[in-house]
Amino acid sequence: MLIRTFKSDESGRSPARLLMVSALLLPALAVEAQVSALGRLEPLHGTLLLTAPVTPESTGGAVLRDLLVEVGDSVEAGQLLAVTETADLMQALVAETRAEQLYQQRQIAAAQAQARAVCVQAEVEEREAQRRQSLLERKLSSAEEAERARGDAQALKASCEAGQATASASIAGAAVVDARLQRVTAALARSQVRAPVAGQVIEVHTRPGEMIGALGILALGRVDRMYAIAEVYETDIGRVSVGQTVSVSSRALAEPLSGVVERVRPQVRKQDQLGTDPAARKDARIVEVEIRLENSAPAAALTNLQVEVTIGG
């Protein structure tokens, strides 16, 4: 039987013993390189709380008139989601202003027609005055008739200019009405709540007939792009970098989800996600790390779920 012997080094430790100790330490070092943290699931840019804009007609608060979606509905960007009760008033103002706009347009047409008629008469009288002046020079008309014709021509010319000024004023008044129509139309649009992005309705906070409160009307999320937000202790954040692979797990998930560190938020804050360990630090300072999940589907219906995150390793 062949027996291989190893010489000991100066410290008395054999190479075999050193190899055995190294083999035992390598898994521990690998575990030490990992960063574990609690976190939560949320859509891209978090949950959007949609409310009705404040208008002069709703400074005391707005009441919801119509809710056109329910929890779980998928919506497209720009889709109408809800309408406040101020919409009725705004629609009436729009109709009133459009009627005034039509009236102004007819006023302009009448003023322009009247101005044209007076200007035509002024041209006729101007020619008559010139004819009378010619007759006067040939001693075929009296100076009184020529003077009267010249006065009539000047009066009608002034009336022509006045008519043209009135028509211009009517056009300016119509521009004011057009601007008012744009304003009330914009106010009508502000009584309608539309989806700023495509996403899914996560929660409804206000029902028709209720006053819209601080939470707004509904919560919307882009669940097609889900993230895990890990709360990493400030003492461990130095071992986290963009691009690291991540494992996200929870009892609510059928299997762990994989992801990649996309961003480390530049702010230290107090811990939000608290585990069940009574010895854990409840007032720990943490840095939030955004982790893009490779497969968003399993997490799409679990916004705010507490998860366990393992970064690196």
task: Give a yes-or-no answer on whether the side chains of N304 and E42 include a donor-acceptor pair shorter than 3.5 Å.
output: no
task: Please answer: with hydrophobic residues joined when any side-chain heavy atoms are less than 4.5 Å apart, are V71 and L218 in the same cluster?
output: yes
task: Go through L64 and I217 one step at a time and tell me if the side-chain contact (heavy atoms from CB on, under 4.5 Å) criterion holds.
output: CA-CA 8 Å; L64 187 65; I217 300 173; 3.9 Å; yes
E100 atom CD: more than 12 heavy-atom contacts under 6.0 Å: yes
query: From C119 SG over to Q112 CD, what is the distance, rounded to the nearest 0.5 angstrom?
result: 11.5 Å
- prompt: Where is the tightest heavy-atom contact between T185 and L181, given as atom of each residue plus distance?
  reply: OG1-O, 2.6 Å
message: Rounded at 0.5 Å granularity, tell me how far NE2 in H205 sits from CD in E203.
response: 3.5 Å
- request: State yes or no: do L50 and I202 share one hydrophobic cluster built from I, L, V, M, F, W and Y residues joined by side-chain heavy-atom distances below 4.5 Å, directly or via other members?
  value: no
task: Could you pull out the closest heavy-atom pair between S36 and T310, with the gap in Å?
output: OG-OG1, 4.1 Å
Verify same cluster id: L302, L220 (apolar side-chain graph, 4.5 Å): no
statement: Taken to the nearest 0.5 Å, the spacing of R239 CZ from Q244 CD works out to 9.5 Å
query: Taking D73 for the side chain and E70 for the main chain, is one N or O donor matched with an acceptor at less than 3.5 Å?
result: yes
statement: Here the pair of heavy atoms bringing L305 nearest to L253 is CD2-CG, 4.4 Å
field: Note, V264 side chain near V240 side chain (heavy atom, < 4.5 Å)
entry: yes
message: Working to the nearest 0.5 angstrom, can you tell me the gap between L44 CG and Y227 OH?
response: 5.0 Å
Tell me which donor-acceptor pairs under 3.5 Å the side chains of residues 289-296 have, and how far apart each pair is, sequence neighbours excluded?
| from | atom 1 | to | atom 2 | distance (Å) |
| --- | --- | --- | --- | --- |
| E290 | OE2 | R263 | NH1 | 2.9 |
| E290 | OE2 | R265 | NE | 2.7 |
| E290 | OE2 | R265 | NH2 | 3.3 |
| E294 | OE1 | S258 | OG | 2.8 |
| N295 | OD1 | A297 | N | 3.3 |
| S296 | OG | D224 | O | 3.4 |
| S296 | OG | M226 | N | 2.9 |

field: salt bridge (charged side-chain N to carboxylate O under 4.0 Å, His left out) assessment of R40 paired with E288
entry: CA-CA 10 Å; R40 65 186 183 278; E288 292 186 333; 3.2 Å; yes
Co-membership, hydrophobic cluster, residues V248 and V287, 4.5 Å side-chain: yes
- request: Compare all side-chain heavy atoms of R65 with those of D88 and state whether any distance is below 4.5 angstrom.
  value: yes
query: Is V177 close to T97 at the side-chain level, that is, under 4.5 Å between some pair of heavy atoms?
result: yes
- prompt: So, do P298 and L257 sit near enough that their side-chain heavy atoms are less than 4.5 Å apart?
  reply: yes
- request: For the residue pair I311 and V232, establish whether any side-chain heavy-atom pair is separated by less than 4.5 Å.
  value: yes
Closest contact, heavy atoms only, P43 versus V223: CB-N, 4.1 Å
Rounded distance (nearest 0.5 Å) linking atom OG1 of T47 with atom CZ of R222: 13.0 Å
- prompt: Between Q79 and E76, does a side-chain contact (heavy atoms from CB on, under 4.5 Å) hold up when you go through it step by step?
  reply: CA-CA 5 Å; Q79 180 177 333; E76 299 295 330; 4.2 Å; yes
query: How far apart are the C-alpha atoms of V204 and L67, what are their side-chain angles, what is the distance that settles it, and do they pass the side-chain contact (heavy atoms from CB on, under 4.5 Å) test?
result: CA-CA 9 Å; V204 171; L67 181 64; 3.6 Å; yes
- prompt: Would R180 and R183 satisfy side-chain contact (heavy atoms from CB on, under 4.5 Å), going step by step from the backbone distance to the final call?
  reply: CA-CA 5 Å; R180 188 183 308 131; R183 180 173 62 82; 3.7 Å; yes
statement: Note: S250 and Q306 closest approach over all heavy atoms is OG-O, 3.6 Å
task: Find out if a path of hydrophobic residues (ILVMFWY) with successive side-chain heavy-atom gaps under 4.5 Å connects V268 to V35.
output: yes
- line: In E234, K270, R269, the residue satisfying side-chain contact (heavy atoms from CB on, under 4.5 Å) with I286 is R269
message: Please give me the minimum heavy-atom distance between M211 and T206, naming the atom from each residue.
response: O-CG2, 3.9 Å
Below 3.5 Å, can you tabulate the donor-acceptor pairs from side chains in residues 191-199 to any protein atom, sequence neighbours excluded?
| from | atom 1 | to | atom 2 | distance (Å) |
| --- | --- | --- | --- | --- |
| S191 | OG | L188 | O | 2.5 |
| Q192 | OE1 | R194 | NH2 | 3.3 |
| R194 | NH1 | G78 | O | 3.1 |

query: If you measure from CG on L49 to CG on L215, what distance do you get to the nearest 0.5 Å?
result: 6.5 Å
- request: Measure the shortest side-chain to side-chain distance between V69 and V75 over non-hydrogen atoms and say whether it is less than 4.5 angstrom.
  value: yes
N/O donor to acceptor pairs below 3.5 angstrom from side-chain atoms of residues 165-176, sequence neighbours left out:
| from | atom 1 | to | atom 2 | distance (Å) |
| --- | --- | --- | --- | --- |
| T166 | OG1 | A162 | O | 3.0 |
| S168 | OG | Q164 | O | 3.1 |
| S170 | OG | T166 | O | 3.0 |

- prompt: Can any side-chain N or O of Q114 pair as donor or acceptor with the backbone N or O of A111 at less than 3.5 Å?
  reply: no
